[in-house]
Amino acid sequence: MAKRKKAAKAKSKAAAKKTAKKVVKFTAKKLAASNGLPRPSAKPWGQAGRALDGVRILDFTHVQSGPTCTQLLAYMGADCIKVERPGIGDITRGQLRDVKGADSLYFTMLNGSKRSITIDSKHAKGKEILDRLVKLCDVLVENFAPGALDRMGLTWEHIHKLNPRMIVASVKGFGPGPYEDCKVYENVAQCAGGSASTTGFRDGPPLVTGSQIGDSGTGLHLALGIVSALYQRNRTGRGQRVLCAMQDGVLNLARVKLRDQQRLKHGPLTEYSQYGEGVPFGKATPRAGNDSGGGQPGWILKCKGWESDPDAYIYFITQAPVWTAICDLIGKPEWKTDPDYATPPARLPRLRGIFDAIEQWTMTKTKFEVMEICNKQDIPVGPILSMKEIAEEPSLRATGTVVEVDHPTRGAYLTVGNPIKLSDSIADVRRSPLLGEHTDEILRKVLGYSDKEVAEIKASGAITAPEKPTKAEAA
Ligand code: COA
């Protein structure tokens with residue numbers, strides 16, 4: 001009897017082992033196929049929610065660098081709660097104002113798709129509200145001057161203790177080092193990041209660029225850092241700090257100039273027009289005017305109407321594979337076989353003369369005519385578009401890159417929509433919020449305060465601007 005029992009037990013054990021093995025095999029196979037992800041959604045494209053749905057951001061940013069980052073995350077679907085100082089708000093609301101009494105375009109074009117709550121972060125009750133927000137948000141983004149967040153009591157230790165999942169993302173002017181305590185604006189970063197020394201003409205001073213590579217560029221870097229930290233949090237369950245220094249961001253965008261700095265040790269930079277002009281190189285990467293940064297020489301050339309239109313120009317690239325087409329186009333067929341012009345190395349010392357000849361041709365056409373003729377022949381050219389032309393360009397409107405939104409106090413305005421297009425996540429481009437427009441809504445619906453508590457908060461002065469002294473008091 002005992003023997004039979006023992007045999008049956010062994011049999012069932014073996015069967016269980018076999019089944020378990022099968023299950024493990026099946027699950028592993030399934031997991032390998034799905035990479036641990038849910039089944040692919042069967043919803044129509046663009047109707048399966050937005051990329052950052054469910055991510056809540058405590059947006060403590062101001063001016064440009066931080067707001068660029070959070071606006072992008074808001075476009076991607078994150079719930080972005082912008083905390084502003086009562087009565088004042090982000091300083092840009094009132095800077096470069098074009099419509100009296102309305103938020104400036106400086107502010108509105110950097111704070112779309114966000115909600116605004118006013119909180120005095122130095123008020124005891126304000127601190128309490130902020131702590132509650134910290135517990136409920138996924139990411140805190142800030143770009144205050146170094147030390148300002150700590151002075152509010154929002155140290156990393158405090159935040160991490162309240163919410164270990166919180167990601168704290170900061171823009172600062174400089175990383176750790178001699179300048180870490182400095183306040184920094186756009187052009188300071190362009191200068192310190194190597195952009196200004198390498199921009200402009202050789203015989204002129206360093207130049208800053210119109211693109212806001214220090215502010216908006218660093219905001220973009222920060223957004224990538226935040227999304228990466230959110231992804232890592234899925235595995236680790238904990239938040240981390242993300243820091244982007246504006247100097248680093250600019251340098252990252254100017255890396256080809258650090259490339260050239262190192263190439264200088266091995267001889268002149270032959271693609272710079274100063275090489276062809278016989279001007280010796282110094283110790284550092286020089287300003288290259290409108291030379292192209294890559295291996296295909298290019299320059300900005302006049303087009304028809306340049307005498308009266310400051311933007312009647314085209315960028316023309318003498319790409320090697322289309323050299324013969326260029327020669328035919330500009331009426332220099334002999335250059336196709338002339339040993340002085342037939343090969344890229346032969347052309348390098350003669351670039352100025354070559355571009356002069358091409359310009360004689362481009363000056364007979366409008367920039368759009370040049371564009372049409374050259375593109376048919378695969379010759380890379382780029383019209384110098386004015387901001388007016390860009391604002392009116394229908395294709396940019398059609399793709400949502402330029403968007404018109406309505407605003408209750410300033411009326412309709414143009415903004416730059418999401419330049420990053422996701423095929424299954426529709427960009428959420430809404431107007432910027434008025435100062436404190438969502439204070440009540442956030443206190444009640446996000447933070448769960450009761451009517452009585454909201455009334456107490458209002459009375460405490462934590463969310464309202466201090467009363468202005470009367471004339472008599474002020475005197
Ligand atoms: N309630 C109460 N106080 C608030 C507040 C709120 N909701 N929001 C901000 N403040 C306070 C801060 O606590 C700080 O006070 P403190 O200096 O007493 O601690 C004060 O406002 C000013 O902040 P700060 O960041 O120093 O502003 P600023 O106008 O003097 O400097 C910058 C502006 C941009 C130069 C500076 O913030 C900076 O260098 N930021 C980092 C780099 C950066 O992003 N630069 C690009 C900007 S586009």
Side-chain angles (χ1 to χ4, degrees), residues 58-72 81-96 104 106-107 109-111 114-134 140-155 158 168-177 179-193 195 208 211-223 225 242-250 433 435-436 438-439 442-443 457 460-466:
L58 200 174
D59 180 1
F60 239 139
T61 67
H62 66 156
V63 204
Q64 186 181 164
S65 63
T68 312
C69 165
T70 49
Q71 176 171 259
L72 204 54
I81 298 176
K82 182 162 171 117
V83 178
E84 296 182 82
R85 206 198 303 227
I88 303 167
D90 187 325
I91 193 160
T92 59
R93 282 187 185 268
Q95 280 179 339
L96 313 178
S104 71
Y106 194 1
F107 177 83
M109 290 179 71
L110 287 165
N111 291 284
K114 303 180 184 178
R115 299 200 273 176
S116 166
I117 180 172
T118 51
I119 305 174
D120 180 349
S121 62
K122 290 176 178 158
H123 188 287
K125 194 79 192 167
K127 284 177 190 288
E128 204 183 297
I129 303 168
L130 277 172
D131 279 356
R132 207 139 154 173
L133 266 172
V134 166
L140 184 155
V141 191
E142 64 93 20
N143 66 309
F144 290 124
L149 196 67
D150 287 358
R151 289 195 288 278
M152 289 178 186
L154 289 170
T155 59
H158 177 76
V168 179
S170 305
V171 170
K172 295 289 166 254
F174 292 93
Y179 305 125
E180 64 187 309
D181 291 328
C182 297
K183 286 187 176 183
V184 168
Y185 283 105
E186 170 70 46
N187 289 343
V188 177
Q190 285 197 24
C191 295
S195 175
V208 294
S211 305
Q212 305 288 283
I213 56 174
D215 281 339
S216 289
T218 309
L220 274 169
H221 283 91
L222 194 72
V242 181
L243 171 68
C244 284
M246 293 167 73
Q247 181 185 38
D248 302 6
V250 170
L435 178 60
H438 305 97
T439 301
I442 292 164
L443 287 177
I457 290 168
S460 74
I463 57 169
T464 44

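As the structure is a prediction and not an experimental result, all values here were calculated from the model. For ligands, and for the atoms within them, numbers begin at 1 and follow the listed sequence.
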Quick check on ligand 1: any N or O pairs to the protein under 3.5 Å? One line per pair.
unit_1: ligand 1; atom_1: 1 (N); unit_2: Ser121; atom_2: N; d: 3.0
unit_1: ligand 1; atom_1: 1 (N); unit_2: Ser121; atom_2: OG; d: 3.1
unit_1: ligand 1; atom_1: 7 (N); unit_2: Ile119; atom_2: O; d: 2.9
unit_1: ligand 1; atom_1: 13 (O); unit_2: Lys122; atom_2: NZ; d: 3.3
unit_1: ligand 1; atom_1: 15 (O); unit_2: Lys122; atom_2: NZ; d: 2.9
unit_1: ligand 1; atom_1: 17 (O); unit_2: Arg151; atom_2: NH2; d: 3.2
unit_1: ligand 1; atom_1: 18 (O); unit_2: Lys122; atom_2: NZ; d: 2.9
unit_1: ligand 1; atom_1: 19 (O); unit_2: Arg151; atom_2: NE; d: 2.8
unit_1: ligand 1; atom_1: 19 (O); unit_2: Arg151; atom_2: NH2; d: 3.3
unit_1: ligand 1; atom_1: 21 (O); unit_2: Arg85; atom_2: NH2; d: 2.7
unit_1: ligand 1; atom_1: 25 (O); unit_2: Ala145; atom_2: N; d: 2.8
unit_1: ligand 1; atom_1: 26 (O); unit_2: Lys183; atom_2: NZ; d: 3.4
unit_1: ligand 1; atom_1: 30 (O); unit_2: Lys183; atom_2: NZ; d: 2.5
unit_1: ligand 1; atom_1: 37 (O); unit_2: His62; atom_2: NE2; d: 3.0
unit_1: ligand 1; atom_1: 37 (O); unit_2: Asn143; atom_2: O; d: 3.3
unit_1: ligand 1; atom_1: 37 (O); unit_2: Ala145; atom_2: N; d: 3.1
unit_1: ligand 1; atom_1: 39 (O); unit_2: Val184; atom_2: N; d: 3.2
unit_1: ligand 1; atom_1: 40 (N); unit_2: Asn143; atom_2: O; d: 2.9
unit_1: ligand 1; atom_1: 40 (N); unit_2: Phe144; atom_2: O; d: 3.4
unit_1: ligand 1; atom_1: 44 (O); unit_2: Ser65; atom_2: OG; d: 2.9
unit_1: ligand 1; atom_1: 44 (O); unit_2: Asn143; atom_2: ND2; d: 3.0
unit_1: ligand 1; atom_1: 45 (N); unit_2: Val184; atom_2: O; d: 2.6

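- Counting heavy atoms of neighbouring residues, nucleotides and ligands inside a 6.0 Å radius, atom CG of Leu243 exceeds 12 of them.
- His438 contributes no side-chain N or O that, together with a main-chain N or O of Ile117, makes up a donor-acceptor pair within less than 3.5 Å.
- Contact annotation: the side chain of Phe60 never approaches that of Val141 to less than 4.5 Å [non-hydrogen atoms, C-beta and beyond].
- Counting only heavy atoms from C-beta outward, the side chains of Asp59 and Lys114 approach each other to under 4.5 Å.
- In this structure the side chain of Lys172 never reaches within 4.5 angstrom of the side chain of Glu180, judged on heavy atoms.
- Of the possible polar contacts, one joining the Glu84 side chain to the Asp90 backbone as a donor-acceptor pair under 3.5 Å is found.
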